[in-house]
Amino acid sequence: MIEGVLMGTAKIGSYKEIEVIHETSKRLQRIMPPDQLAQEIIKIFEKILHYELGAVLLIDKETHELNPYAVSDQGKGTTFIDEDKEYITSQGIKIGTGITGYVAKTGESVRTGDVREDSRYYSIRDFIRSELCVPIIVEEQIIGVVNTETPRENAYSENDQLVLEIIASHIGIAIINARLYEEAQKEITTRLQYDSRLKALQLYSPKLFSVKTMFELAKITLDLIDDILGFDRSGFLMIEGNYLKQLYGKPRGVFHVPLSGRGITVRTAITGETQLVRDVSLDPDYLVAETVTELLPALSELCVPVIVKDEVVALINVESKELNHFGDEDKDILELIASNVSASITQMRSLEESKRLEKELNEERVKVEIASQLDRLKTQFMNTATHELRTPVTSIFGYIELILEDQNRTIAPDIREDLDVVLRNSKRLVILTNDLLDVQRINSGRFEINLKQVDLVNTINEVIEELSPLFDVKNQVIIVKAPTELSVQVDDIRISQLLINLLRNANKFTPEEGNITVTVEQFENHVQISVKDSGIGLSMENIGKLFKSFPGIHHGLNVSSTGLGLSIAKGIVELHGGEIWAESEGNGKGSTFRFTIPNRR
């Protein structure tokens, strides 16, 4: 778990979470060999994410097994890592087996608080309780999973999952880059053994991987070709839309050919295959480029595609004024250079993506800071305004009540009617200020509950009896589906407040002669209470706004709502260790509010 970082909020947005993602992306954006990348991932698990048992498992396409790529050393050193990898490999975990296999098969993340209750769990460590597993997806392909486990129950939050999913995408890109880097290096190493000219290519490789622009890459590539092969008649072409355009060439010039036309370069771009033409006069597609008309005509040509993720993005083209000037060895070397160029382009794109993400993270950080400051100002204002309003409103309410109840005071009917209006609005203001104070107490952690053993069904019946005048006014039918009695450990006063808020809400948004049903269900570990109405219903957008103060939901009715009641309800439920949510099939189809509380006895 990321202690103090991933706990508490319902979505990514805190400053620390952004810092964690930013630091991880910086570490992973460098191109490095697979072994070095595995070590870096382990450092991220242990030093940044503080995972106790973290692992990256990759899919073997031939065996369909999940093989360990990086695992935490748990403070036991590299020898333990090798032994643990061997142990995990010996389990032969296939796609579809266990939680990791399920994630690798479906591409869906899994977060479980107790693996013993998850039928998918495949045990290889008896002491594990919580598990969080997310897929590694690159170009819509699942290449593996990131998995973390711990002996603690319910250890991972929704935010842990969201952050790990983002980090998994970075790990996926880093693994692909590492593979490309490894393949390029292997190819370079192999060919260096057979041709001394490849030594120059080895010297140029760092330059290819240090460029920042395509023009710089094109220039270094052609300089490399000139130095190694002695080809001084070359071009680096880019595919832009439906045209081939020369980005850099020797000699310099303009080259602009439609892909629908003819030409050896066009054929290379269309087929994605190297074209070695020993005598261009025999090739019907050969096209004399305007850039070389002042030179001796080309008699042979070699054109190699630069392929990134199965797509031709550029071409390296060389020509000679001699027949049969290019051979298979030249073809192999040029294709090797093209693979390095491809890896360099992949790295540049990855860096561009990282910069884009970093920009978005910085913008999000500013938004978070501004939102946090606004929340502080709003809380300060509400706190001040609430306390300033409460005393005079309470006094007005009390004095009006005294006046109306004074038997010795004669009050004209019209004056009494006016005083009744003042009394009702004063009472509404008292309730509002009390709700505001409760919200502030919840947000500041000063809202307390006192648990005791009570009959929950009796509490529900008392609340319904208290609110019966509201239902009678609108001729609403209220139905209770509950056992005769149910003893639970709760704060009776706060649970009553919670039920009053939910039932008032149902009464308010259910039309006359509507139905409201309260259902109590007992499960092994918790009790679930539902309040279902036949009212105006909720859209998915508005469901997402619920349980927040002043959510700004427009019901289309002449009914006002601050949202404070549901916000308080959420706070009461969470203080009891439960959950609350809303369901609706849409506007006009009613709503159901459900909450759970632990079944303490």
Side-chain angles (χ1 to χ4, degrees), residues 201 204-205 207-281 283-322 325-326 330-331 333-349 352:
L201 176 58
Y204 263 96
S205 289
K207 293 183 180 180
L208 290 174
F209 284 99
S210 65
V211 298
K212 293 181 174 59
T213 66
M214 286 300 300
F215 181 82
E216 187 181 358
L217 176 62
K219 185 177 184 308
I220 290 178
T221 300
L222 297 193
D223 288 345
L224 166 64
I225 292 171
D226 194 356
D227 289 349
I228 293 180
L229 303 176
F231 303 156
D232 58 359
R233 203 157 156 175
S234 58
F236 191 101
L237 292 76
M238 296 291 298
I239 297 178
E240 297 183 5
N242 296 320
Y243 286 88
L244 269 176
K245 295 182 180 180
Q246 181 168 282
L247 183 61
Y248 186 77
K250 293 183 176 184
R252 301 290 296 274
V254 177
F255 187 85
H256 190 269
V257 176
L259 291 174
S260 58
R262 64 187 182 92
I264 294 172
T265 52
V266 171
R267 193 167 70 217
T268 306
I270 297 298
T271 64
E273 299 176 353
T274 298
Q275 303 296 316
L276 173 56
V277 182
R278 303 178 190 275
D279 183 352
V280 297
S281 66
D283 194 309
D285 286 332
Y286 177 67
L287 181 68
V288 178
E290 296 178 1
T291 55
V292 295
T293 51
E294 72 278 10
L295 305 175
L296 290 173
L299 299 180
S300 56
E301 184 172 354
L302 174 60
C303 188
V304 177
V306 177
I307 301 174
V308 177
K309 296 179 180 177
D310 299 326
E311 179 186 1
V312 179
V313 298
L315 304 175
I316 300 173
N317 189 64
V318 292
E319 296 178 342
S320 174
K321 58 190 177 185
E322 299 177 5
H325 186 72
F326 307 111
D330 298 320
K331 171 178 171 289
I333 293 175
L334 212 60
E335 287 178 340
L336 180 58
I337 292 173
S339 69
N340 279 265
V341 171
S342 172
S344 179
I345 292 173
T346 299
Q347 175 178 295
M348 279 195 292
R349 289 181 175 181
E352 289 173 359

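By the 4.5 Å heavy-atom criterion applied to side chains, Glu301 and Asn317 are counted as neighbours. Considering only heavy atoms from C-beta on, Thr274 comes within 4.5 Å of Leu302 through its side chain. In this structure, Phe236 and Ile316 have side chains that are in contact, with non-hydrogen atoms separated by less than 4.5 Å. Between Val313 and Arg349, some side-chain heavy-atom pair lies under the 4.5 Å cut-off. Side-chain contact check for Leu244 versus Leu259: some heavy-atom pair is nearer than 4.5 Å.
When the side-chain contact (heavy atoms from CB on, under 4.5 Å) test is applied to Ser234, the partners found at least two apart in sequence or on another chain are Leu222, Lys250, Val318. Under the side-chain contact (heavy atoms from CB on, under 4.5 Å) criterion, Arg267 pairs with Ile264, Thr271, Gln275, Val277, Asp283, Asp285, not counting sequence neighbours.
Across all non-hydrogen atoms, the minimal contact from Ala314 to Met238 is CB-SD, 3.7 Å. When all heavy atoms of Val312 and Gly272 are compared, the closest pair comes out as CG2-CA, 3.7 Å. For the residue pair Ser281 and Asp279, the shortest heavy atom distance occurs at OG-OD1, 2.6 Å. Pairing each heavy atom of Arg262 with each of Pro284, the nearest pair is NH1-O, 3.5 Å. Counting all heavy atoms, side chain and backbone alike, Arg233 lies closest to Ala298 at NH2-N, 3.4 Å. When every heavy atom of Leu315 is checked against every heavy atom of Pro305, the shortest pair comes out as CD2-CA, 3.8 Å.
Between atom OH of residue Tyr286 and atom CG of residue Leu299 there is a gap of 8.0 Å, rounded to the nearest 0.5 Å. Atom OG1 of Thr268 sits about 9.0 Å away from atom CD of Glu273, to the nearest 0.5 Å. In this structure, the separation between CD1 on Ile333 and CG on Asp330 is 6.0 Å, given to the nearest 0.5 Å. Atom CG of Leu334 is separated from atom CG of Leu276 by 10.0 Å, given to the nearest 0.5 angstrom. Taken to the nearest 0.5 Å, the CD1 atom of Ile337 stands 13.5 Å off from the OG atom of Ser342.
At least one donor-acceptor pair under 3.5 Å links the side chain of Arg278 to the backbone N or O of Phe326.
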Pairs under 3.5 angstrom only: tabulate donor-acceptor contacts from the side chains of residues 212-221 to other protein residues two or more places apart or in another chain.
{"unit_1": "Thr213", "atom_1": "OG1", "unit_2": "Glu216", "atom_2": "N", "d": "3.1"}
{"unit_1": "Glu216", "atom_1": "OE1", "unit_2": "Lys212", "atom_2": "N", "d": "3.3"}
{"unit_1": "Lys219", "atom_1": "NZ", "unit_2": "Asp223", "atom_2": "OD2", "d": "3.1"}
{"unit_1": "Thr221", "atom_1": "OG1", "unit_2": "Leu217", "atom_2": "O", "d": "2.7"}

